[in-house]
*Asks:* 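Before anything else, here's the structure in question.
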Amino acid sequence: QVQLVESGGGLVQAGGSLRLSCAASGGTLRTYAMAWFRQAPGKDREFISNINWSGSNTDYADSVKGRFTISRDNAKNTVYLQMNSLKPEDTAVYYCATDFGLTITRTPKIWGQGTQVTVSS
């Protein structure tokens with residue numbers, strides 16, 4: 001069974017950058033759409049971005065548009081989230097997810113364990 005493992009989170013000052021990675025074990029992600037979500041303390045899980053299987057189509061939440069970039073390297077079975085110009089309100093646990101399909105819903109079936117991102121002011 002495919003498992004998703006996020007990495008790359010940490011503590012960064014406002015205005016800084018981080019790159020998150022989502023690697024798959026036990027299978028391939030090459031033919032699946034993927035997404036990133038986040039959940040801040042006391043808030044609902046929030047959609048951040050998604051990407052189709054080839055990387056040719058992406059979508060972003062308004063809150064991160066122009067600052068975050070989703071990408072994938074199918075040869076490495078990995079999806080990335082480059083986060084620039086980080087703000088304290090970006091502080092959250094970040095999750096990658098998939099529905100194991102060509103498209104992805106806003107309530108995916110498979111989730112990673114999450115990686116904490118903390119942005120200090």
Side-chain angles (χ1 to χ4, degrees):
Q1 182 173 344
V2 175
Q3 291 186 317
L4 305 177
V5 180
E6 300 95 336
S7 61
L11 174 63
V12 64
Q13 288 188 330
S17 298
L18 283 173
R19 188 177 80 155
L20 306 183
S21 299
C22 172
S25 63
T28 180
L29 297 177
R30 293 186 182 93
T31 57
Y32 302 135
M34 300 292 298
W36 286 95
F37 292 74
R38 68 186 180 188
Q39 187 166 22
K43 295 189 176 181
D44 293 335
R45 195 168 290 185
E46 174 189 15
F47 166 79
I48 296 301
S49 181
N50 62 25
I51 188 167
N52 72 334
W53 71 272
S54 68
S56 61
N57 287 315
T58 58
D59 190 23
Y60 297 91
D62 288 343
S63 58
V64 306
K65 202 170 290 184
R67 299 188 298 123
F68 291 11
T69 303
I70 192 171
S71 63
R72 66 192 301 157
D73 185 338
N74 285 340
K76 295 182 178 179
N77 222 19
T78 302
V79 178
Y80 303 99
L81 185 69
Q82 177 67 44
M83 306 186 296
N84 298 329
S85 302
L86 283 161
K87 306 174 181 180
E89 51 264 43
D90 293 319
T91 295
V93 178
Y94 284 70
Y95 301 89
C96 66
T98 185
D99 277 320
F100 289 144
L102 294 178
T103 59
I104 186 166
T105 67
R106 296 300 169 92
T107 54
K109 301 183 187 67
I110 305 298
W111 297 84
Q113 85 290 349
T115 185
Q116 175 70 47
V117 171
T118 302
V119 184
S120 63
S121 57

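If you're wondering where the values come from, they're calculated on a predicted model, not measured in any experiment.
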*Asks:* To the nearest 0.5 angstrom, please state how far the CE atom of Met83 sits from the OG atom of Ser49.
*Replies:* 11.5 Å
*Asks:* Mind jotting down which residue pairs meet the salt bridge (charged side-chain N to carboxylate O under 4.0 Å, His left out) criterion with at least one end in residues 48-58? Sequence neighbours excluded, please.
*Replies:* none
*Asks:* Write out all pairs satisfying side-chain hydrogen bond (donor to acceptor under 3.5 Å, both in side chains) with one or both partners inside residues 29-38, taking only residues at least two apart or from two chains.
*Replies:* Thr28-Arg30, Arg38-Glu46, Arg38-Asp90, Arg38-Tyr94
*Asks:* Sequence neighbours left out, what pairs pass disulfide (SG to SG under 2.5 Å) with at least one residue falling in residues 2-119?
*Replies:* Cys22-Cys96
*Asks:* Are Tyr60 and Ile70 close enough, and set up right, to give a side chain to side chain contact (heavy atoms under 4.5 Å, CB included), and what steps lead you there?
*Replies:* CA-CA 9 Å; Tyr60 297 91; Ile70 192 171; 3.4 Å; yes
*Asks:* Rounded to the nearest 0.5 Å, how far does CD of Gln13 lie from CG of Leu86?
*Replies:* 11.5 Å
*Asks:* Hey, quick one: are Val12 and Val64 part of the same hydrophobic cluster, counting side-chain heavy atoms closer than 4.5 Å, chains of contacts allowed?
*Replies:* yes
*Asks:* So, does Ser56 use its side chain to make a donor-acceptor pair with the main chain of Ser54 at under 3.5 Å?
*Replies:* no
*Asks:* Which distance, rounded to the nearest 0.5 Å, do you find between the CD1 of Ile51 and the OG1 of Thr58?
*Replies:* 6.5 Å
*Asks:* If you round to the nearest 0.5 Å, how far is CZ of Arg19 from OG1 of Thr69?
*Replies:* 11.5 Å
*Asks:* Restricting to side-chain contact (heavy atoms from CB on, under 4.5 Å), what partner residues turn up for Leu102, sequence neighbours left out?
*Replies:* Trp53
*Asks:* How long is the straight-line distance from CG of Leu81 back to OG1 of Thr115, given to the nearest 0.5 Å?
*Replies:* 11.0 Å
*Asks:* Once disulfide (SG to SG under 2.5 Å) is applied, what residue pairs with a partner in residues 31-75 remain, sequence neighbours excluded?
*Replies:* none
*Asks:* My understanding is that only residues two or more places apart in sequence, or in another chain, count here; which of them pass side-chain hydrogen bond (donor to acceptor under 3.5 Å, both in side chains) with Gln82?
*Replies:* Asn84
*Asks:* Check whether Arg72 reaches the backbone of Asn52 with its side chain - one donor and one acceptor, N or O, closer than 3.5 Å.
*Replies:* yes
*Asks:* Taking atom CD of Gln113 as the centre, does the number of heavy atoms from other residues, nucleotides or ligands within less than 6.0 Å exceed 12?
*Replies:* yes
*Asks:* With side chains defined as the heavy atoms from C-beta onward, is the minimum distance between Tyr95 and Leu4 less than 4.5 Å?
*Replies:* no
*Asks:* Applying the 4.5 Å side-chain criterion to the ILVMFWY set and letting contacts propagate, would Leu20 and Val93 be lumped into a single cluster?
*Replies:* no
*Asks:* Hey, does Gln116 have a side-chain heavy atom less than 4.5 Å from the side chain of Thr91?
*Replies:* yes
*Asks:* Got a sec, which pairs hit salt bridge (charged side-chain N to carboxylate O under 4.0 Å, His left out) with one end in residues 4-16, sequence neighbours left out?
*Replies:* none
*Asks:* Under the salt bridge (Lys or Arg N to Asp or Glu O under 4.0 Å) rule, collect the residues that match up with Asp62, sequence neighbours excluded.
*Replies:* Lys65
*Asks:* Quick one: list whatever passes ring-ring contact (aromatic ring centres under 6.0 Å, His included) with Phe68, sequence neighbours left out.
*Replies:* none
*Asks:* May I ask you to say whether Arg106 pairs ionically with Asp44, meaning some side-chain N is under 4.0 Å from a carboxylate O?
*Replies:* no
*Asks:* With rounding to the nearest 0.5 Å, note down the distance linking OG1 in Thr107 to CZ in Arg45.
*Replies:* 11.0 Å
*Asks:* Apply side-chain contact (heavy atoms from CB on, under 4.5 Å) to Lys43 and list each qualifying residue two or more places apart in sequence or on a separate chain.
*Replies:* Ala40
*Asks:* Using salt bridge (Lys or Arg N to Asp or Glu O under 4.0 Å) as the criterion, list what pairs up with Lys109, not counting sequence neighbours.
*Replies:* Asp99
*Asks:* Search all heavy atoms of Asn50 against all heavy atoms of Ala35 and return the closest pair with its distance.
*Replies:* CB-CB, 3.8 Å
*Asks:* Are Trp111 and Met34 connected, step by step, through hydrophobic side chains (Ile, Leu, Val, Met, Phe, Trp, Tyr) whose heavy atoms are closer than 4.5 Å?
*Replies:* no
*Asks:* When hydrophobic residues are tied together by side-chain contacts of less than 4.5 Å, even through go-betweens, does Ile48 share a cluster with Ile104?
*Replies:* no
*Asks:* Do the non-hydrogen side-chain atoms of Val2 and Thr98 ever get within less than 4.5 Å of each other?
*Replies:* no
*Asks:* Treat each ILVMFWY residue as a node, draw an edge where side-chain heavy atoms are under 4.5 Å apart, and state whether Phe100 and Val79 are in one component.
*Replies:* yes
*Asks:* Taking only residues two or more places apart in sequence or in another chain, which ones pass side-chain hydrogen bond (donor to acceptor under 3.5 Å, both in side chains) with Ser120?
*Replies:* none
